[in-house]
Structures are given as C-alpha cells and as structure tokens.
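The structure under discussion appears below in the form of structure tokens.
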Amino acid sequence: MKNVLKICIILIILINSFCIAKSALVPDDIKIGLFYEKTAKSSVTLCSDGGIEIGTITEDGDFTLEDETGKKEKIVVSKGRKEGSVHIEGYGEIGSKTEYPYFRSKKSGGIYVINVDGTNYRGNIEIRRTDESDMTIINHLSMQEYLYGVVPREIGSGSPKEALKAQAISARTFATKNYKKRLSLGFNLTNSTDDQAYGGYDWEKSSSNEAVDETEGLVITYKGEPINAYFYSTSGGYTESPENVWVSSVPYLKSVPDTYEPFIEGNTTWEVTLTADEVKQCLKSKDIDVGDIVDLIPLERSEAGRVTSLKIVGTNGEKIITKLAVRTYFGLKSQWYTINSEAPKLPTDDDKQEEQKQKEEEEKKRLEEEQKQKEEDEKKRLEEEQKQKEEAEKKRLEEEQKQKEEDEKKRLEEEQKQKEEEEKKNKQENNTSGDNEDVLVINPNEPGTQNIVIAPKNSKNRVLKIIDAFSPSSISMDRGIVIIKNGYMAKSSNTVFVFRGRGWGHAVGMSQNGAKGMAQNGFTAEEILKWYYTGVEIEK
C-alpha cells in the first residue's frame, strides 16, 4: 500500500511539474523597442495621469527609486553626460551602463499608462544608451497588455470575434517563438511589421481585448514547440510555402487554397506601372547595374503561381534574382504577378477532381511498380543471354573497326591540313584592318528605337554576339555593318513594365483577410489556425 501511495505522489509531482512547464511556455512580460538604432531619441517627453516613479533598473530587474513626479506632470528626458545616463529637466541625472534609467507609471483609473511623445502605452519605460548613440526607448509590459496593442493594429478591432481570437493566438505564438530575437538591442521585439505591429494603449478596443483575454496562454505548437506563426494581409486566393519566399521548407507552413478570403480591390488584385528608368533605379539601390533595362522575364513560378526567379535583361548584361527579392526590389505587394500581360488567375480547386486525381495517381503508381518489377526480371534474363553474344561479336568488330579507323584517320588528317591552310589565307584577306573592336549598331529604319548587336568592326560575314532579348528574325550585312530586320525592338526612353498581381504580403501562414472570411462563414479560431498551419495543435 505504501508503494502505491508513493507512486501516486510521484505522479502528482510529475503532473504538476509538467503543468508548470506548460504555463511557463509563454513569457509573463515583454520588452518592446519603440525607438532604436536610426530612430533612437536625443530627447523624449514622458507623462502619466497617475504620476511617474523615476529610478533605475538592473539587468536582473531590481528597481531603485530615485524620485517621482506629480500627476500628469511632463518631464523631458535627454542624454546625460555620463556613459549610459540620462538627464531629466528639474530632477537631475540618473543611470549608468549597468543601471538603466527606468520610469514606472502609477495607477490611474485602474490601469498603468505612460505617455511617450504623445502616444500612450501600458506599463513602464526603460531607456538604454549604447556607445555614442541616442536613447533607445523600450516599453516594458505584460504579454497580455502587449497583445492588446497588437491585435487591433494587425487585423482591425472590427474583425469577427473568431478572427480576432485567431490573431491573438498567432501573435502570442510569434512573440513567444521570437522572444530572444532582439536581445542584442536590449529588448525582445520591435513595434513595427519587421516583427509585429504594436500601437500601444491608444489602439486598444474592447472587442480585441476580449479576444486576447479569452485566449490567454494559448499558443500554436508543432510537436510540442511554439511555431513561427507568420501572418500577413491577403493571399490573393492561395497561400505560399516558405521555401519559395525565404530559404527552407517548414512542415507546418504549406501552400493551401484560401477559399473564403473576400475580394478586396487593391489587396486581392493590384497593378503597378514602372518605367525602364524607374526599374533601373530600383536595381541601382540594390547595387545591381545591367545598364538600360531591356526586359524583365519571369523564369520560374511556384505551384501557387508566384514568381520565384526573375531574369533582368539590360544593355550591359543580365542578372537573375530569386524568391523575396522579385517582390521587394521593386516595392511590389506580392510575388504573385505577371508583367505586361493579363493578371494571374486563381488555380482551380475542385475537391472532387482533386480526390479522383489522387486515386488515379495511386493506382497508376501501383501498376507501374508491378510492371517495373516484371520488366526488371525479364530484362535481367535477356541481358544475360545477350551479354554472351555481344562480347563475342564485340571483339570481332573491334578488330575490324580499329584497322578502318587508322586508315581513315590518316586520310582525314591530310585533307584537314590542306583545308586549314586555305582558310588561313582567306581570313587574312577578309580581315584587312586587323581591328576587332566591338561596335554598337543602331537600326536607322526605326526612329526612337534601339537594336543592340555586338559585332567585330569591319566584319563582312559574321556576328560576334546578339543580345538574347532581341531575338531578331533576320540579319543582313551592309558595307561591314550588321543590320537587324523585323526583330524585337526595345524603346530605350519610353519602355514601361506593368505588374498585375494578387495578394499583399509574403503569403506564408495565416491570411488575415482569409481569417476574417472563414470567421464570417462560421469557422472557429482553432479551425482557422489549423487550416493555415498544417498539423499543429492549440495549447497552453
């Protein structure tokens, strides 16, 4: 009996330990960078309705109170004279490299809110100064309070409740997974879409706060670990696999049809026109120089239809860019586009046809395996028989062929020698100047257009190189100059490229507009998340 009791106690301890580990999966608090690096502040104004406790905090979280302000009193904080310190008008200088200036808001109206240069945030403000930099402004608050300012900023507080809950769980999961992403800067995440858009207290609404509270502690996991819960505005009808956008594939991020995503003009479909000069400038900002732009040619597309490889043709050469660059280099909304043609169409998604196709493929594979085995067995038998015959015949033919080849070789060598001597004389006569400098040929028959051909100067009968993009249908010579007739002509001054596309964002993971559409059609937050993230669980 004692042994049974002992086992029960051990099991209870293990279960409690497991629950504690699970509850600790989501951090209690988080630090958000409001102003940092290039946006760091030389001075900042702070205020709180309940007043502010002024002090310092260590890396371990130990707070030392130095002074405090009155209710609604504004204080101006600027860089101090000592390394790591700040100066507060009317209060003096605080802080160092190891004790960071810290401003704790006092409760007012039941909440802790502090104003930073006109914007309200829950929680407290920490200021850090790296060597020779302005002040990094950090908002320190609880995870729940942080999500209050993320969910409405990301998906909109007016979204259906289940979509808000799906966004809350995704945002909490992303923050948990990427908690250590920005530690080198002194905080966890930024307040921008580089991580997640965070608007602070001013963005909060009761609908989105309720969604955060009702999903408290919930995260999306794959094999027990929080996932990288990527999300974006609009897929355009089909989500994308990460290997077509970034680097490697991820088992829980697969391309799926976005059937319920509502049509939104400018998001679902869009159009952007860039001149050749504008394209050239876009590429120049990325240190790519191929001369004047002649053509942009999509080389590869994903199964969903997005461009994954783009060839840039210029007067000075070519360049191939891939994956996310085909979108970001030109400031486009997505990788799903065409150039100078009709907008991309949605892939067909008939479930019955897909199911039938799967069955046919499985049956075909089974029959192919059976047939393959039969053929391999028969092949081995025939090969053994044939091998003996071929080896005997091979020896006989090799001897005969060897003699013939030796005789033929001698004869051809004599003929080749005579031809080379004759060709050498002809070349010397044709190339009278000996100058092989490349020239740029302009077709005089097409005003305002430019055909580019690289040819040896004074050449009478050959072209050294013709740039691919022009694909001329015919070439002729006139007094040693190459002339292109009826070929593709690029207008070097007025060429434009019209990008017609679908979707807005990287398209990996959850579509926010798609989540709204699914919620409007009766799907729960869990069903929404399990559609966009393959094989996952929702747990605390």
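In this structure, K394 does not pair ionically with E391, as no charged nitrogen and carboxylate oxygen lie closer than 4.0 Å. Using a cutoff of 4.0 Å between basic side-chain nitrogens and carboxylate oxygens, K404 and E400 are not scored as salt-bridged. Salt-bridge annotation for E406 and K409: absent, with no side-chain N of the basic residue lying under 4.0 Å from a carboxylate O of the acidic one. K530 has a carboxylate O that lies under 4.0 Å from a charged side-chain N of E537, or vice versa, which qualifies the two as a salt bridge. Looking at K380 and E384, no side-chain N of the basic residue comes within less than 4.0 Å of a carboxylate O on the acidic one, giving no salt bridge.
Between the side chain of R182 and the backbone N or O of L189 there is no donor-acceptor pair closer than 3.5 Å. Listed for the R502 side chain is no donor-acceptor partner under 3.5 Å among the backbone atoms of G305. A donor-acceptor contact shorter than 3.5 Å links the side chain of T308 to the backbone of E300. Proximity of a side-chain donor or acceptor of T215 to a complementary backbone N or O of V212 within less than 3.5 Å is detected. Panel note: side chain N188, backbone K180; no donor-acceptor pair is recorded below 3.5 Å. At distances below 3.5 Å, not a single donor-acceptor pair connects side-chain atoms of S157 with backbone N or O atoms of P152. Counting only distance, with no hydrogens or angles, the side chain of T495 and the backbone of A276 share no donor-acceptor pair below 3.5 Å. The closest donor-acceptor contact from the side chain of S241 to the backbone of S255 lies under 3.5 Å. A donor-acceptor pair is defined here as one N or O able to donate and one able to accept, closer than 3.5 Å; no such pair exists between the side chain of K319 and the backbone of G314.
In this structure, the side chains of L367 and Q371 stay at 4.5 Å or more apart for every pair of heavy atoms. Side-chain contact between L324 and Q335 is present, with heavy atoms from C-beta onward closer than 4.5 Å. M518 places none of its side-chain heavy atoms less than 4.5 Å from the side chain of E527. At least one side-chain heavy atom of T239 sits under 4.5 Å from a side-chain heavy atom of Y232. Taking the side chain as every heavy atom from C-beta outward, E278 and T273 never approach each other to under 4.5 Å. Contact of the L25 side chain with the K540 side chain is not registered, since no non-hydrogen atoms from C-beta on lie closer than 4.5 Å. Between I321 and I288 there is a side-chain heavy-atom pair separated by less than 4.5 Å. Side-chain contact between S235 and E261: present, with at least one pair of heavy atoms (C-beta onward) separated by less than 4.5 Å.
The heavy-atom pair separating E162 from A519 by the smallest distance is CB-CB, 4.0 Å. Closest approach of L164 and G156 over heavy atoms only: CD2-O, 3.4 Å. Taking both residues in full, the closest heavy atoms of S285 and C282 are given as OG-O, 2.6 Å, listed atom of the first, atom of the second, then distance. Minimum heavy-atom separation, I169 to L218: CG2-O, 3.9 Å. Here the closest non-hydrogen pair linking I220 and A229 is CD1-CB, 4.1 Å. Smallest separation of non-hydrogen atoms from Q520 and P160: CG-CG, 3.7 Å.
Counting only residues at least two apart or in different chains, ring pair (Phe, Tyr, Trp, His ring centres under 6.0 Å) contacts with residues 279-335 comprise F330-F499. Counting only residues at least two apart or on different chains, the ring pair (Phe, Tyr, Trp, His ring centres under 6.0 Å) pairs with a member in residues 507-540 are Y260-F523.
Atom CG in D289 sits 11.0 Å away from atom CD1 in I312 (nearest 0.5 Å). Note that CG of D277 is 11.0 Å distant from NZ of K284, once rounded to the nearest 0.5 Å. Note that CZ of R327 is 14.5 Å distant from CH2 of W336, once rounded to the nearest 0.5 Å. The distance from atom OG of S309 to atom CD1 of I320, rounded to the nearest 0.5 Å, is 5.5 Å. Between I528 atom CD1 and Q167 atom CD the span is 10.5 Å, to the nearest 0.5 Å. The structure places CD1 of I538 at 7.0 Å from OG1 of T221, a figure rounded to the nearest 0.5 Å.
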Output, in order, the C-alpha distance, side-chain angles, deciding distance and verdict of side chain to side chain donor-acceptor pair (under 3.5 Å) for D195 and T190.
-> CA-CA 6 Å; D195 295 323; T190 70; 3.0 Å; yes
Please assess F187 against I32 for the test side-chain contact (heavy atoms from CB on, under 4.5 Å), listing each intermediate value before the final yes or no.
-> CA-CA 6 Å; F187 50 85; I32 305 301; over 6 Å; no
Please walk me through it: do R500 and T269 pass side-chain contact (heavy atoms from CB on, under 4.5 Å)?
-> CA-CA 7 Å; R500 295 183 175 93; T269 60; over 6 Å; no
Start with the C-alpha distance between K165 and E526, add both sets of side-chain angles, then the distance that settles side-chain contact (heavy atoms from CB on, under 4.5 Å), and finish with yes or no.
-> CA-CA 9 Å; K165 290 166 69 176; E526 183 172 351; over 6 Å; no
Checking side chain to side chain donor-acceptor pair (under 3.5 Å) for the pair T234/N513: CA distance, chi angles, key distance, verdict?
-> CA-CA 6 Å; T234 309; N513 282 327; 2.6 Å; yes
In sequence, state the C-alpha distance, the side-chain angles, and the governing distance for F497 and V272, and then conclude on side-chain contact (heavy atoms from CB on, under 4.5 Å).
-> CA-CA 8 Å; F497 299 96; V272 172; over 6 Å; no
Which is it for E408 and R411 under the salt bridge (charged side-chain N to carboxylate O under 4.0 Å, His left out) test, yes or no, and what are the steps along the way?
-> CA-CA 5 Å; E408 182 66 8; R411 186 183 65 80; 2.3 Å; yes
N/O donor to acceptor pairs below 3.5 angstrom from side-chain atoms of residues 242-252, sequence neighbours left out:
| residue | atom | partner | partner atom | Å |
| --- | --- | --- | --- | --- |
| N244 | ND2 | E240 | OE2 | 2.9 |
| Y252 | OH | N228 | N | 3.0 |

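The aromatic rings of Y146 and Y198 lie tilted to each other, with the angle between the two planes from 30° to 60°.
For E154 and Q196, the side-chain atoms include no donor-acceptor pair closer than 3.5 Å.
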